[in-house]
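We count ligands from 1, going down the list as the structure has it; atoms in each ligand are counted the same way.
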Amino acid sequence: MRTSAHSDAVVFFGATGDLAYKMIFPALQGLVKAGRLSVPVLGVAQPRWSDEQLRARARDSIAEHGGIDEAAFAKLSRLLRYVHGDYNDADTFRRLARALGVSRRPLYYLAIPPALFPSTISRLKSVPGYKTARVVVEKPFGRDLPSARALNRLLLSEFRESSIFRIDHYLGKEPVQNLMYFRFSNWFLEPLWNRDHVKSVQITMAENFGVRGRGKVYDEMGAIRDVVQNHMLQVVACLAMEPPQEFSPETLRDEKAALLKSIAPLGKDDVVRGQFRGYRKEPGVAPDSRVETFAALRLRLKAPRWKGVPFFIRAGKSLAATCTEALVEFKAPARTAFGERLLGRGDVNYLRFRLGPKVAIALGVRSKTPGEPMMGELSELVAVDRHAGEMGPYERLLGDAMRGEAMLFAREDSVEAAWRVVQPVLGDQVPLREYDPGTWGPSQADGLAAPYGGWHNPGVDGRGAVS
Ligand code: BG6
């Protein structure tokens, strides 16, 4: 199969579920609106629904998440069909084959719990076109290194790696792509982007809300599995990877994988785990849960470019703000001229990448304040400051998967390398600290970043307002 051959049908399992409701239907309408989707779209799930019920569900979903565009929705409705049945029942797949009709290159989207993958994947073999099919899977890709390997083995037993699309929606975000673009397209950065000039790198993913009704699912994961192993480590890879020799999806993914492989597995002293007060009362959460809703960690990269430069990550729920931001702070030279007392945390030169909810790229610089003393103030040269683009990550990623474009998907080796990094600190191995909702997490986290001037709290010191 030519990898560029367009999928001629989309089949999404889990059509009545949460992921379809929040993400997939709105992305499908976006694709139709952009003229990028005109093939049949089949939703599969257990309830005995009709096509009309699926369309009504799609309408509710899109009305709630982004808004209905009547013309695009009408087109999408004409493409939508529903297939009911148990994923363990051969009849379901016979019905699916009939509904697919002449389609021979379907894109299968497994928006279902991983426990249902084995039976679903093995039964797909009975559906014509399975050899030229593509399959999309969602994070979590396993829950630790052994289960990720088992999942990869399962997928690779039926599909080639080039037909497997692992969605990490961070990779579909415009500002995450811009991390790489900005780095490699601004030539003055390359001589500075290394251990000689970078003091530390910090990434904060703060959310000022709790688990929003996902208590049961979240309580099986915690922050490290939910966002660090995937989103945060992918952001680290974009910030720290070597430039690829040439621009191609595989060379880019090779460099990312190489970077992730160069991160030392975390030690217990590298991590602070926290749980916000009140988490255990959330519906679905175990009353004695030891699961973290906050994690702060210090990564050590063995890549020569970064030897000795700490990469800090902090991610949590019920924090003081909602904001994802990376701060790359530059080192002071051996001699500074004016002897100003600086606080030493992002008050001289840095690059700030705000990834959401707003998007910004800003360079922190000092200039003299008017008056007699040779004293200055920090300001920012702002390269980007805008709302996130029109195209949401799911729309981008689904469209790419239909065209067989793999660049923005996580490859098997990257996924396993990322699990290798967090594996030693999964579960309840690191003490769990309580923190109050609305703060920046447990105070014990401060110690991690203290030798490097402490944590940068997005929105503080006038560096971009936060919600
Ligand atoms: C998801 C996590 O993958 O990413 C959620 O499961 C988290 O817990 C979400 O809230 C954050 O995504 P975004 O795009 O809002 O930063």
### Message
With side-chain hydrogen bond (donor to acceptor under 3.5 Å, both in side chains) as the rule and sequence neighbours excluded, what pairs involving residues 418-429 come up?
### Response
Arg273-Asp428, Arg290-Asp428
#### Entry: Residue pairs, two or more places apart or on separate chains, that pass salt bridge (charged side-chain N to carboxylate O under 4.0 Å, His left out) and touch residues 435-449
Arg277-Asp436
Between ligand 1 and the protein, find all N/O pairs closer than 3.5 Å and give the distance for each.
residue, atom, partner, partner atom, Å
ligand 1, 3 (O), Lys139, NZ, 2.7
ligand 1, 3 (O), His231, NE2, 2.7
ligand 1, 4 (O), His231, NE2, 3.4
ligand 1, 6 (O), Lys139, NZ, 3.1
ligand 1, 6 (O), Arg214, NH2, 3.0
ligand 1, 6 (O), Asp226, OD1, 2.6
ligand 1, 6 (O), Asp226, OD2, 3.4
ligand 1, 8 (O), Arg214, NH1, 2.9
ligand 1, 8 (O), Asp226, OD2, 2.6
ligand 1, 8 (O), Lys317, NZ, 2.7
ligand 1, 10 (O), Glu207, OE1, 3.4
ligand 1, 10 (O), Glu207, OE2, 2.6
ligand 1, 10 (O), Lys317, NZ, 3.1
ligand 1, 12 (O), His169, NE2, 3.2
ligand 1, 14 (O), His169, NE2, 2.8
ligand 1, 14 (O), Lys173, NZ, 2.6
ligand 1, 16 (O), Tyr170, OH, 2.7

### Message
Donor-acceptor pair, distance only, cut-off 3.5 Å: does the side chain of Lys139 make one with the backbone of Asp226?
### Response
yes
### Query
If you measure from the Lys or Arg side-chain nitrogens to the Asp or Glu carboxylate oxygens, is any gap between Glu220 and Arg143 under 4.0 Å?
no
### Query
Of all residues at least two apart in sequence or in a different chain, which pass the ring pair (Phe, Tyr, Trp, His ring centres under 6.0 Å) check with Tyr109?
none
### Atom of Leu327, atom of Arg352 and distance for their closest heavy-atom approach
CD1-CB, 3.8 Å
